[in-house]
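First listed ligand is number 1; within each ligand, the first listed atom is number 1. Position 1 is the first residue of the sequence; numbering continues from there. Computed from a predicted structure; not experimentally measured.
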Amino acid sequence: MTKQTTRRVLVPGGSGAVGEGVVRAYLAAGADVVVPTRGEQRADEFRRVLGDAATDRLHLFAHDYSTFDGAESLAATMQDRLGGIDDVVAPIGGWWAGKQLWKIGEDDWAGAFTGLATTHMAVARAVMPRLTGRGSYAIVVGESAVHPIPGSGLVSMEQAAILMMQRVLAAESGGDRRVHALVLGPVRTRLVPGEPEWVSADQVGAVAVALSDTPAATSREVLLRTGAEAEQALAGLA
Ligand SMILES: NC(=O)c1ccc[n+]([C@@H]2O[C@H](COP(=O)([O-])OP(=O)(O)OC[C@H]3O[C@@H](n4cnc5c(N)ncnc54)[C@H](OP(=O)(O)O)[C@@H]3O)[C@@H](O)[C@H]2O)c1
């Protein structure tokens, strides 16, 4: 990572399973890493999880970024305090399962679709006009964005919407801003050891850092369905 000036990175959803790998990777690369979380207790827990990795470059605090106003004040504060926003990685989301689409209720719809899609949109509209152009914006989705998974249809619908948001942002930015999608298979995380061939949260973080730091990497979708694909992506960016 470039040494002259410290990279300023926003990771909404950074307290989550995939987010942990992203936050660790940017901290290890010497970046200033801003991690808002919607709960005070979650902030304390995540700081404990990070342990020694939680250096003074980590800016972890409770803040509701899931509304347009909340995301706007977050982006404005980051710009004021750190002088700008170079990169965003957004592993906002989670898993939802259990019902066929025709059996969902309004609470399912609000939680698994509207709430998540609104959070992604709120962050994108607050941050895009403020990006310095030095780094990139990366959304994180699963393969369920492109393959229907029976019983988890709301996840597929929401992830597909976010993947299209990335494509639209990339098209509307022209060459001015780099907007990526990291499309993941099942991920090995602190909580889910998974299978050896799965991509790990740390590998997702390593690819995100490499994309940030490679100006030639124009807006793109990066398939990280396995650890081997992550290694291939890293080799391609080296
Ligand atoms: N884990 C996997 O195996 C896997 C596989 C493929 C794809 N993915 C994708 O990776 C992304 C992150 O997944 P994850 O497993 O890391 O999920 P996670 O552990 O549940 O973390 C997701 C984070 O999203 C944030 N968030 C913000 N708004 C939210 C809302 N309205 N509802 C729920 N969470 C909200 C939460 O942060 P705060 O509560 O701190 O604000 C939470 O820490 C998702 O897009 C997921 O589809 C994950």
Side-chain angles (χ1 to χ4, degrees), residues 10-25 33-50 58-68 70-71 74 88-97 107-124 126 138-149 152-166 180-195 197-205 207-208 221-227 229-230:
L10 174 62
V11 191
S15 69
V18 173
E20 180 185 341
V22 173
V23 170
R24 284 185 184 279
V33 184
V34 174
V35 183
T37 169
R38 292 163 306 152
E40 193 80 55
Q41 202 184 338
R42 203 160 159 86
D44 294 342
E45 271 170 28
F46 189 50
R47 193 176 292 281
R48 263 198 305 278
V49 163
L50 289 177
L58 173 71
H59 310 275
L60 168 65
F61 49 88
H63 179 86
D64 185 0
Y65 54 96
S66 66
T67 64
F68 281 25
L74 170 68
V88 181
V89 182
I92 300 166
W95 191 242
W96 175 93
D107 287 350
D108 298 315
W109 180 246
F113 191 94
T114 327
L116 289 170
T118 302
T119 306
H120 271 284
M121 191 65 243
V123 171
I139 58 137
V140 178
V141 292
E143 272 193 285
S144 55
V146 283
H147 299 297
I149 301 190
S152 288
L154 284 182
V155 177
S156 283
M157 288 175 66
E158 182 266 334
Q159 299 269 288
I162 299 312
L163 186 56
M164 183 51 75
M165 183 185 86
Q166 175 265 332
H180 312 299
L182 305 181
V183 184
L184 316 182
V187 183
R188 283 192 281 125
T189 67
R190 183 172 53 87
L191 300 172
V192 180
E195 301 297 328
E197 66 273 16
W198 290 9
V199 64
S200 70
D202 289 342
Q203 286 174 312
V204 176
V207 172
E221 287 174 35
V222 183
L223 295 178
L224 302 175
R225 293 168 299 188
T226 60
E229 281 192 348

Identify all pairs of nitrogen or oxygen atoms, one from ligand 1 and one from the protein, separated by less than 3.5 Å, and list them with distances.
residue: ligand 1; atom: 3 (O); partner: V187; partner atom: N; Å: 3.1
residue: ligand 1; atom: 16 (O); partner: A17; partner atom: N; Å: 3.2
residue: ligand 1; atom: 16 (O); partner: V18; partner atom: N; Å: 2.8
residue: ligand 1; atom: 17 (O); partner: G93; partner atom: O; Å: 3.3
residue: ligand 1; atom: 19 (O); partner: A17; partner atom: N; Å: 2.9
residue: ligand 1; atom: 20 (O); partner: G93; partner atom: O; Å: 3.2
residue: ligand 1; atom: 24 (O); partner: G93; partner atom: N; Å: 3.1
residue: ligand 1; atom: 34 (N); partner: R38; partner atom: NH2; Å: 3.2
residue: ligand 1; atom: 37 (O); partner: Y65; partner atom: OH; Å: 3.2
residue: ligand 1; atom: 39 (O); partner: R38; partner atom: NE; Å: 3.4
residue: ligand 1; atom: 39 (O); partner: R38; partner atom: NH2; Å: 2.9
residue: ligand 1; atom: 39 (O); partner: R42; partner atom: NE; Å: 3.2
residue: ligand 1; atom: 40 (O); partner: S15; partner atom: OG; Å: 2.5
residue: ligand 1; atom: 40 (O); partner: T37; partner atom: OG1; Å: 2.5
residue: ligand 1; atom: 40 (O); partner: R42; partner atom: NE; Å: 3.1
residue: ligand 1; atom: 41 (O); partner: R38; partner atom: N; Å: 3.0
residue: ligand 1; atom: 41 (O); partner: R38; partner atom: NE; Å: 2.9
residue: ligand 1; atom: 41 (O); partner: Y65; partner atom: OH; Å: 2.7
residue: ligand 1; atom: 43 (O); partner: S15; partner atom: OG; Å: 3.0
residue: ligand 1; atom: 43 (O); partner: G16; partner atom: N; Å: 3.2
residue: ligand 1; atom: 43 (O); partner: R42; partner atom: NH2; Å: 2.7
residue: ligand 1; atom: 45 (O); partner: I92; partner atom: O; Å: 3.4
residue: ligand 1; atom: 45 (O); partner: V140; partner atom: O; Å: 3.0
residue: ligand 1; atom: 45 (O); partner: Q159; partner atom: NE2; Å: 3.3
residue: ligand 1; atom: 47 (O); partner: Q159; partner atom: OE1; Å: 3.1
residue: ligand 1; atom: 47 (O); partner: Q159; partner atom: NE2; Å: 3.4

pair M165-I139: side-chain heavy atoms closer than 4.5 Å: yes

What residues, two or more places apart in sequence or in another chain, satisfy salt bridge (Lys or Arg N to Asp or Glu O under 4.0 Å) together with E221? R167

What I'd like to find out is whether the side chain of T119 reaches to under 4.5 Å of the side chain of Y65, using heavy atoms alone. yes

Just to verify, what does E40 make a side-chain hydrogen bond (donor to acceptor under 3.5 Å, both in side chains) with, not counting sequence neighbours? none

Would you mind reporting whether V49 and R24 have side-chain heavy atoms less than 4.5 Å apart? yes

Would you give me the side-chain donor-acceptor pairs under 3.5 Å for residues 152-161, sequence neighbours excluded?
residue: S152; atom: OG; partner: W96; partner atom: O; Å: 2.9
residue: S156; atom: OG; partner: S144; partner atom: O; Å: 2.8
residue: S156; atom: OG; partner: H147; partner atom: O; Å: 3.3
residue: Q159; atom: OE1; partner: G142; partner atom: N; Å: 2.6

